[in-house]
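Written out below as structure tokens is the structure these notes cover.
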Amino acid sequence: MTTTKVQPPQLPKGTRDFYPEDMRIQNFIFDTWKRIALRFGYEEYEGPMFEHLELFTGKSGDEIVSQLYNFEDKGGRAIALRPEMTPTLARLVIQKGNAIKKPFKWFSIPRLFRYERAQKGRLREFFQLNLDVLGTESIYAEADLISATATMLLDFGLKSTDFVIGISSRKLLATYLQEIGTPSADLVYPVLDRRLKIGPEAFAEALAAIGLSTEQSQKIDALMSCKSIEEVKKLVSSPSSIEALHEIEDLFDILTSTGFGDCIGLDLSIVRGLAYYTGIVFEVFDKGKAMRAVAGGGRYDSLCEKLGGAKVPGVGFGMGDVVLADLLRDHDLLPTQKQTLDLFIASFSTDMKQIFKTANIFRQMGFNVSHPLSPIKLGKQMELANQQGATCVVYVDGENAKEGEFEFKDLSKGTMNVGSAQRISEYLKQ
RNA sequence: GUGAGUGUAGCUCAGUUGGUUAGAGUCCCAGAUUGUGAUUCUGGUUGUCGUCGGUUCGAGUCCGAUCUCUCACCCCA
């Protein structure tokens, strides 16, 4: 008989385990996301973690298949694990059609999958907060989304000097390209998107390669370099460009008068890769680490239409948990405290039955209660109570306690008291 | 898909030009302390040195391959 050593199981590439200490951080992030989303009146929704492959290829083309997890199920259907939430959202909206009262604001925290090589801030499995406002073309939808974003980041403890929400407009870029007479915008956008990454020379070369003149290329560069609306005003002249600029101006007015002026900035170098954006686009940058992007979004007025539904204008945004956690860690804003436990039930004589019974009494009163699981010395019981983050220890057999009363100790103060369950309950609520 | 770096205890890391039985801190466990936790002291467990092969009398150390993770490129929804 031969014994082969079993290989220990391995974590799949690009995925994470969430031990309790990691889960606390995850919950902290999710709780904040959810709390602020609800505060702004967004309602939560969910969809399946896998969809028909066509839902994603229909929107983004066949190349996307190499970047997602897909398989054929036992019924021969082409299935993909969702790499983003927006197509699912569009499907939900199209299915219900006119039954949904518009406009409406929804949010979700989907688990997403992308088949790509893991690196800093990018994994194969991650979570992403999605906020979407659908059914209105009003600029207040953008204002709502951006103020919710800023509120969240501030609520996490970041300062307005730590990040900036860069605001741009696909509409302005499109009308300006038209104004200066360039070839189709679809061809130009990918180059614009890479402007900062590739540098001025490569940028000019790339524009020349798709047929733009030196003059056109310089004009584009000038527009994208603008740091204020005033500067842009000097460059644009066509009525449609001016209209697009007015929209940005409105958005800045609303956000500034609401108190978010410190969190936002005009940044026309933001284009975003997605083809479906039609209006305002924005990205959140960490001002610390080489301006990495933390979140991004924009207006997509024709997405539902493109997927075969009625026209439902919308604006949405996504914020990933991986980069956000990195950012919060850099600023030392992640929680370090352990689980919070109200009570730990202990016994001098290690009377397990009494411990178990007493724990249940306090649980029925609504407290979070723990206790030893086997008879161990009092010193060990105290150590456990401390380790588990208990506020107080209740002793089931304290000799100073009368019938119906317990000795209890406040672990943070080190003080001993005696009282009934009711009295302990009041003590904890103080 | 391309390139660079990395891998020694659960974790952070030492380990001499190749030389006996691979170390420290931390964590964990037990005791000092049989009616009381965070400090302190004492003792203890923990390893296919990522894996496979090669060179050598001898490999954690040198060579090759492979895997892993990290970082960057591509891409970025």
Side-chain angles (χ1 to χ4, degrees), chain A residues 4-17 19 21 51 55-61 63-68 80-90 110 112-124 126 128 130 189-190 193-194 197-198 270-277 281 283 289-290 292-293 295-298 300 303 316-320 322-323 326 338 341 344-351 372 375-401 407-416:
Chain A
T4 43
K5 171 108 179 172
V6 178
Q7 280 290 26
Q10 243 179 354
L11 182 70
K13 206 190 247 302
T15 64
R16 291 168 288 176
D17 287 323
Y19 286 88
E21 58 269 31
E51 294 271 8
L55 183 65
F56 304 113
T57 53
K59 195 198 92 189
S60 312
E63 326 81 68
I64 193 128
V65 176
S66 67
Q67 288 167 61
L68 47 73
L81 300 185
R82 63 184 179 198
E84 59 168 325
M85 197 55 171
T86 310
T88 296
L89 172 63
L112 303 178
F113 308 85
R114 294 179 187 175
Y115 192 83
E116 57 187 353
R117 259 168 92 159
Q119 54 183 290
K120 191 153 188 65
R122 291 174 72 181
L123 299 174
R124 288 183 165 184
F126 59 98
Q128 188 186 64
N130 276 69
Y189 282 152
D193 196 34
R194 296 170 52 77
K197 192 177 257 182
I198 62 182
I270 296 168
V271 181
R272 305 211 23 96
L274 271 175
Y276 60 63
Y277 287 121
V281 286
E283 280 183 357
K289 284 209 171 152
R292 77 187 146 175
Y300 49 87
L303 178 63
F317 114 112
M319 185 187 311
V322 183
V323 177
D326 278 349
K338 317 174 182 180
L341 199 59
F344 188 92
I345 312 298
S347 163
F348 295 106
S349 59
T350 61
D351 183 341
I376 50 172
K377 286 198 294 191
L378 191 63
K380 291 290 159 201
Q381 297 183 48
M382 295 303 292
E383 205 175 306
L384 272 184
N386 194 49
Q387 208 175 59
Q388 295 182 15
T391 307
C392 284
V393 173
V394 168
Y395 305 91
V396 298
D397 47 5
E399 49 190 30
N400 300 320
E407 284 182 26
F408 65 100
K409 180 172 191 169
D410 184 317
L411 284 179
S412 59
K413 294 177 190 155
T415 52
M416 286 294 289

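Note that the structure is a prediction, hence the values are computed from the model and not measured. Below, read A as the first sequence line, B as the second, and so on, with proteins coming before strands; counting in each chain starts at 1.
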Distance, rounded to the nearest Å, where Arg82(A) contributes CZ and A77(B) contributes C1': 14 Å
Contacts of type salt bridge (Lys or Arg N to Asp or Glu O under 4.0 Å), residue Arg114(A), not counting sequence neighbours: none
Nucleotide nearest Glu407(A) when distance is taken to its side chain, options A30(B), C75(B), U36(B): U36(B)
Sugar-phosphate only, base, or nothing, as touched by Gly414(A) at under 4.0 Å among non-hydrogen atoms: base
Nearest-nucleotide comparison on RNA chain B, the residue closer to the 5′ end among Tyr277(A) and Leu11(A): Leu11(A)
Closest to side chain of Ala118(A), choosing from U70(B), G35(B), A77(B): U70(B)
Pairing residues for Glu51(A) by the salt bridge (Lys or Arg N to Asp or Glu O under 4.0 Å) criterion, not counting sequence neighbours: Arg91(A)
No-H, no-angle donor-acceptor pair, Arg117(A) side chain to U2(B) base, under 3.5 Å: yes
Sugar-phosphate only, base, or nothing, as touched by Arg194(A) at under 4.0 Å among non-hydrogen atoms: sugar-phosphate
Dot-bracket pairing map - RNA chain B, Watson-Crick plus G-U, both contacts under 3.5 Å, | cross-strand: (((((.(..((((.....[...)))).(((((.......))))).....(((((..]....)))))).)))))....
Candidate nucleotides G37(B), A30(B), G35(B), ranked by approach to the side chain of Met382(A) - the nearest: G37(B)
Per Lys120(A) side chain, nearest of listed nucleotides U36(B), C71(B), G35(B): C71(B)
Out of A77(B), G35(B), G37(B), whichever nucleotide has its closest atom nearest the side chain of Phe348(A): G35(B)
Sugar-phosphate, base or nothing in reach of Met85(A), heavy atoms under 4.0 Å: nothing
Closest to side chain of Lys377(A), choosing from G35(B), A32(B), A77(B): A32(B)
Touch class at under 4.0 angstrom, heavy-atom based, for Gln381(A) against every strand present: nothing
Any residue meeting ring-ring contact (aromatic ring centres under 6.0 Å, His included) with Tyr277(A), in chain and number order, not counting sequence neighbours: none
Minimum-distance nucleotide to Lys13(A) side chain [options: A77(B), A32(B), C69(B)]: C69(B)
Among C74(B), G31(B), C76(B), the one nearest Gln119(A) by side-chain distance: C74(B)
For Tyr189(A), all residues meeting ring-ring contact (aromatic ring centres under 6.0 Å, His included), sequence neighbours excluded: none
Rounded distance (nearest 0.5 Å) linking atom CD of Glu84(A) with atom CD1 of Ile64(A): 6.5 Å
Non-neighbouring partners of Asp397(A) that pass salt bridge (Lys or Arg N to Asp or Glu O under 4.0 Å), sequence neighbours left out: none
Verdict with reasoning, Leu384(A) to Gln381(A), per side-chain contact (heavy atoms from CB on, under 4.5 Å): CA-CA 5 Å; Leu384(A) 272 184; Gln381(A) 297 183 48; 5.7 Å; no
